[in-house]
Amino acid sequence: MGNDKLRTIPVKDTDAPEFAKVARKVSWPEKDADKPSQFWPAMSGFNIGSGTDVDISYLESTRTEPSNGFDRHLNTEELFVCLAGEYVMPMAPCRKPDDPDDEPRIEDLIAFRVRAGDAYVLKPNVWHNGGWPTREAGSMRYIMVLSGHRAGEGHQGRVDHIMKTLPEGQQVIPDVLA
């Protein structure tokens with residue numbers, strides 16, 4: 001190259017012992033082939049400074065059946081990153097954010113299409129569930145980075161996390177999958 005100030009540096013794989021001195025590898029869980037959807041809450045975590053711990057949760061899904069389960073996080077946002085596939089996720093603002101007994105309502109839900117490579121931050125107090133892969137994709141994988149799936153003194157034994165089912169046994173599915 002002709003530049004006497006240019007030096008090369010070695011390149012090693014993440015399996016090299018030197019990697020463990022500078023980083024911690026995260027392993028993806030192995031999916032049970034008999035289950036159409038699997039969610040691993042807080043499969044790994046880290047501290048972002050100032051005592052703030054965040055969790056990495058992971059979902060793989062080929063789910064096609066209707067759902068009635070929704071959750072919301074009272075005070076924290078959630079970062080979603082679609083790793084593979086494409087999915088539709090139902091979302092709705094919580095009508096009574098200060099009421100831990102508030103329930104999601106079908107008439108408020110809208111499903112949004114999320115594609116591989118998309119990332120978004122879900123605001124606090126938004127009802128949502130894991131979503132469904134689109135027919136075209138057939139499957140999807142995403143990670144979530146948040147602080148509310150750890151066990152603690154929160155609602156239902158979780159920190160900042162409330163889970164509810166739709167009233168009167170109602171279920172939903174996005175119109176593109178019906």
**Prompt:** Does W40 have its ring centroid less than 6.0 Å away from the ring centroid of Y58?
**Reply:** yes
**Request:** Taking atom types as modelled, find out whether T165 and N68 have a side-chain donor-acceptor pair closer than 3.5 angstrom.
**Result:** no
**Fill in**
Test side-chain contact (heavy atoms from CB on, under 4.5 Å), reference V54, set N47, I48, L146, output is I48
**Request:** Give a yes or no answer on whether the side chain of R7 reaches the backbone of D4 with a donor-acceptor pair at less than 3.5 Å.
**Result:** yes
**Message:** As an exercise, state the distance from CG of L79 to OG of S57, rounded to the nearest 0.5 Å.
**Reply:** 11.0 Å
**Under 3.5 Å donor-acceptor, R63 side chain and G131 backbone** = yes
**Asked** Between K25 and D15, is there a salt bridge with N-O shorter than 4.0 Å?
**Response** yes
**Item:** Criterion salt bridge (Lys or Arg N to Asp or Glu O under 4.0 Å) on K164 and E103, from CA distance to verdict
**Value:** CA-CA 6 Å; K164 294 284 184 175; E103 295 178 336; 5.3 Å; no
**Message:** Assess whether a salt bridge exists between R113 and E86, defined as any Lys/Arg side-chain N lying under 4.0 Å from an Asp/Glu carboxylate O.
**Reply:** yes
**Side-chain donor-acceptor pair present, S61, R141, cut-off under 3.5 Å** = no
**Ring centres under 6.0 angstrom apart (Y87, Y142)** = yes
**Item:** Short N-O contact, R95 and D102, less than 4.0 angstrom
**Value:** no
**Complete:** In this structure, CG of L166 is separated from OG of S67 (nearest 0.5 Å) by 7.5 Å
**Fill in**
Contacts satisfying ring pair (Phe, Tyr, Trp, His ring centres under 6.0 Å) that involve residues 93-115 (not counting sequence neighbours) are none
**Side-chain heavy atoms of L74 within contact of I162, under 4.5 Å** = yes
Show me the side-chain donor-acceptor pairs of residues 26-34 shorter than 3.5 Å, one per line, residues at least two apart or across chains.
residue : atom : partner : partner atom : Å
K31     : NZ   : K35     : O            : 2.3
D32     : OD1  : D34     : N            : 2.9

**Message:** Could you check whether atom CD of E107 has more than 12 heavy atoms from other residues, nucleotides or ligands sitting under 6.0 Å from it?
**Reply:** yes
**Message:** Is it the case that the side chains of N125 and H73 hold a donor-acceptor pair, with the cut-off being a distance below 3.5 Å and no angle test?
**Reply:** no
**Fill in**
dist M144:CE -> F39:CZ (nearest 0.5 Å) comes out at 4.0 Å
**Message:** Using a strict threshold of under 4.0 Å (side-chain N to carboxylate O), is an ion pair present between K12 and E18?
**Reply:** yes
